[in-house]
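None of these values were measured; they are calculated from a predicted model.
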Amino acid sequence: MKPFDYIRAPSVGEANAAAAAGAVIIAGGTNLLDLMKLEVMAPDRLVDITRLDLKMIEAAGAGLRVGALVTNSDLAAHESVRQDYPVLAKALLAGASGQLRNKATTGGNLLQRTRCPYFYDLAQACNKRAPGTGCSALGGVNRMHAVLGASAHCIATHPSDMAVALLALGAAVEIAGRDGMRQIPLDAFYRLPGDTPHIETVLEPGDVITAILLPAPRGGGQVYRKVRDRASYAFALVSVAAVVRVEGGVIKEAALAFGGLAPKPWRDPAAEAVLVGEAPSDALFAKAADVLLAEAAGVGGNDFKIPLARRTLAAVLTEATGGAGR
Ligand code: SF4
């Protein structure tokens, strides 16, 4: 591992200043330390933010404010999360292992890097790690890769389960920047790869994520289903988070988000609109899948994800609407 300097930030402002000067922020370190050991990332300086007062889970209006340093384990176990945002608790418990969830933080979970194997292999071309070198996944082993939102420069997927549930719940990211605090809806937080896949979010130099903001509970049927190669400690081939409210036999509200399909947690308002105002049925769920996957395209090894996403969406909607459609 390349030698590096290490400092602890005593305040958010000093973390801002250090990050703006080029330091990489570390909290749980569950992804960053692996990247540093492999020299995929080789920062000259780390700024440790774990002493900052960002471990709160507190009411914020009718919703919840979750500090960036709350661990994935504590968030999944919190009574309000389990009761009012069960899709989030389920997604968190589907991620990583118990040991990792005890260390991984809410802010770090959002910023974890892709698990594309070529990104981690310095001998391989990778536009995300080394811009302009090419994409080894395009002609390589690509069964884990994206079928929506990818580009000719990068087809990596985003690995977070938590972010998929947060997207379905309509969460926002609270950020302390050098010019003050701001909030960004999660669906505007991640960038698609285009021709700059190394730029993954809209964060600016010096920005520190301070919290996640959850809106008022939406109720309804809440489901998170993760299809993966083994039952634990594996990343999603396809995952679906659903928050669906049915009244009088009709779907009144539907929020869907997808993991494993795209370079960022994926949401498609047009697919959701297909469902609203209709009675749940297999035919309706198939129509929503048609809209969701209309632009989906595989590159060979990942072609199976398109029918897999279709089947997973149907199963999740069946469960979220109380068994209708089967
Ligand atoms: Fe790199 Fe993206 Fe291609 Fe993977 S898919 S090799 S991360 S450019």
Problem - Shared hydrophobic cluster, Met56 / Leu75 (ILVMFWY, side-chain heavy atoms < 4.5 Å) - result: no

Problem - Exam field: side chain Asn127 to backbone Cys154, donor-acceptor pair closer than 3.5 Å - result: no

Practice task
Look only at the side chain of Lys90 and the backbone of Ala165, and say whether a donor-acceptor pair between them is shorter than 3.5 Å.
Solution key: no

Exercise for the section: Sequence neighbours left out, what pairs pass side-chain hydrogen bond (donor to acceptor under 3.5 Å, both in side chains) with at least one residue falling in residues 147-156? Expected result: none

Exercise for the section: Could you note down all residue pairs passing salt bridge (Lys or Arg N to Asp or Glu O under 4.0 Å) where residues 64-78 supplies at least one of them, sequence neighbours left out? Expected result: Glu58-Arg65, Arg65-Glu174

Fill in the blank from the handout: Value for OG1 (Thr50) from CG (Leu69), rounded to nearest 0.5 Å, stands at 7.0 Å

Handout entry: Residue list, side chain to side chain donor-acceptor pair (under 3.5 Å) with Thr196, at least two apart or on another chain
Key = Arg191

Fill in the blank from the handout: In short, salt bridge (Lys or Arg N to Asp or Glu O under 4.0 Å) pairs touching residues 16-25 with sequence neighbours left out are none

Exercise for the section: Return each pair, listed once, that meets salt bridge (Lys or Arg N to Asp or Glu O under 4.0 Å) where at least one residue sits in residues 284-308; pairs must be two or more places apart or across chains. Expected result: Asp290-Arg310

Exercise for the section: List the steps and the verdict of salt bridge (Lys or Arg N to Asp or Glu O under 4.0 Å) for Glu204 and Arg178. Expected result: CA-CA 9 Å; Glu204 296 171 4; Arg178 301 193 73 198; over 6 Å; no

Exercise for the section: Could you name each residue pair satisfying side-chain hydrogen bond (donor to acceptor under 3.5 Å, both in side chains) that touches residues 38-47, not counting sequence neighbours? Expected result: Lys2-Asp44

Problem - Asp161 bridged to Arg228 by N-O distance under 4.0 Å - result: no

Problem - Whether Asp207 side chain and Ile175 backbone form a donor-acceptor pair below 3.5 Å - result: no

Problem - Ile209 reachable from Leu88 in the ILVMFWY side-chain graph, under 4.5 Å edges - result: yes

Exercise for the section: Give a yes or no answer on whether the side chain of Lys226 reaches the backbone of Ser239 with a donor-acceptor pair at less than 3.5 Å. Expected result: no

Problem - Exercise: do Thr71 and Asn102 side chains pair donor with acceptor under 3.5 Å - result: no

Practice task
Mind checking the CG-CD1 spacing from Leu213 to Ile184? Nearest 0.5 Å is all I need.
Solution key: 11.5 Å

Problem - N/O donor-acceptor pair under 3.5 Å between Ser73 side chain and Arg101 backbone - result: yes

